[in-house]
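In what follows, a single structure is set out as structure tokens and then discussed.
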Amino acid sequence: MVAPRIVLVGPDSSGRHHLALLLTRGVIPGYIPLIIQRESFAITYRGVQHVFVLDLVMETTELNVCQSYYSEARAALLCISIDDSDAETNMKTWIQLLKRFLPFVPIVIVGTKNDLRENPDVSVLDVDTFADLAQRLGASRYTECSAIRQSGISELKNLICQQAFDNNTSVEA
């Protein structure tokens, strides 16, 4: 069996790369160089099976980059920071792109940085607003996590891996 692929997308400010490192390595290194490259990480799920998580360290909608990036994906994780003032626009843009290249693949939207909900100086959208928007845009699920506090990470890992294993279609289906 070929290991399922999960793609991570979203604005660079969403904490997507930190989340990818935490999902796959269990830690966030002190310094993370952000260069234009495609990174592939493997995570263990259900004891033996591996899921490859692809994180493209750049924001792009270029056709040739997207086609190779999304090849054989069986689930997608859209990362949006809960303090993103353009969250709705960003979600719409990324969902359209994902649906174009992955029409049969489940999309999980994750609100990142949910530790900011406890900071009265930061303006954040509420959970219901994100969940309603995710449903209207056709995402399979909405959830939240904090990479800094490492809260919601194991639940997210199980959810996205389950989505990948339960989905037998891909972009090439």
Side-chain angles (χ1 to χ4, degrees), residues 3-32 34 39-57 59 73-95 97-98 102 105-167:
R5 289 185 186 182
I6 299 170
V7 294
L8 273 73
V9 297
D12 285 341
S13 62
S14 69
R16 178 193 73 248
H17 193 62
H18 283 95
L19 181 58
L21 291 168
L22 198 54
L23 284 169
T24 58
R25 298 181 185 168
V27 295
I28 302 172
Y31 170 71
I32 302 171
L34 292 178
E39 293 203 34
S40 176
F41 306 103
I43 56 179
T44 302
Y45 179 67
R46 295 181 182 162
V48 251
Q49 299 168 322
H50 294 276
V51 177
F52 289 100
V53 177
L54 302 175
D55 176 23
L56 188 65
V57 187
E59 297 185 42
R74 295 211 336 228
L77 185 62
L78 170 55
C79 302
I80 298 289
S81 178
I82 65 166
D83 70 334
D84 183 350
S85 59
D86 293 323
E88 185 170 355
T89 301
N90 283 328
M91 287 171 71
K92 286 178 182 177
T93 300
W94 284 104
I95 290 280
L97 184 71
L98 288 168
L102 303 169
V105 168
I107 301 167
V108 173
I109 298 177
V110 60
T112 58
K113 305 178 186 181
N114 77 341
D115 53 282
L116 294 176
R117 291 200 183 284
E118 299 169 13
N119 185 337
D121 298 328
V122 178
S123 175
V124 298
L125 293 174
D126 64 81
V127 174
D128 291 337
T129 301
F130 273 109
D132 291 343
L133 184 56
Q135 184 178 17
R136 279 190 287 131
L137 294 173
S140 64
R141 292 284 298 273
Y142 175 77
T143 189
E144 291 190 354
C145 70
S146 168
I148 295 295
R149 294 221 173 121
Q150 298 188 16
S151 63
I153 300 301
S154 62
E155 296 86 357
L156 176 62
K157 180 179 176 179
N158 288 333
L159 172 64
I160 196 67
C161 288
Q162 178 185 21
Q163 298 272 326
F165 277 96
D166 290 348
N167 181 24

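Considering only residues two or more places apart in sequence or on other chains, S81 meets the side chain to side chain donor-acceptor pair (under 3.5 Å) condition with D83. Evaluation of the side chain to side chain donor-acceptor pair (under 3.5 Å) rule for S146 yields D115 as partners, not counting sequence neighbours. Judged as a side chain to side chain donor-acceptor pair (under 3.5 Å), and not counting sequence neighbours, the contacts of R149 are E118. Residues forming a side-chain contact (heavy atoms from CB on, under 4.5 Å) with A87 (at least two apart in sequence, or on another chain): I80, D84, L125, F130. Every residue was checked against the salt bridge (Lys or Arg N to Asp or Glu O under 4.0 Å) condition with E155, not counting sequence neighbours, and none meets it. The side chain to side chain donor-acceptor pair (under 3.5 Å) search around S154 returns none, not counting sequence neighbours. Looking at residues two or more places apart in sequence or on another chain, you find a side-chain contact (heavy atoms from CB on, under 4.5 Å) between D121 and N119.
Between A73 and L102, the shortest heavy-atom distance links the atoms CB-CD2, 3.8 Å. Taking every heavy atom of both residues into account, A75 and I160 meet most closely at CB-CD1, 4.0 Å.
When side chains are defined from C-beta on, V127 counts as touching Y142, because their heavy atoms get closer than 4.5 Å. By the 4.5 Å heavy-atom criterion applied to side chains, L159 and V110 are not counted as neighbours. Here the side chains of V9 and L97 are not in contact, with every heavy-atom distance at 4.5 Å or above. At least one side-chain heavy atom of W94 sits under 4.5 Å from a side-chain heavy atom of P11.
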For residues 133-140, which side-chain donor-acceptor pairs fall under 3.5 Å, sequence neighbours excluded?
unit_1 : atom_1 : unit_2 : atom_2 : d
S140   : OG     : I107   : O      : 3.0
S140   : OG     : Q163   : OE1    : 3.2

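Among pairs with a residue in residues 137-148, those fulfilling salt bridge (Lys or Arg N to Asp or Glu O under 4.0 Å) read R117-E144, at least two apart in sequence or across chains.
To the nearest 0.5 Å, atom CD1 of residue I109 and atom CG of residue L77 are 9.5 Å apart. Atom CG of N158 sits about 11.5 Å away from atom CD1 of I153, to the nearest 0.5 Å. Residue K157 holds its NZ atom at 13.5 Å from SG of C145, rounded to the nearest 0.5 Å.
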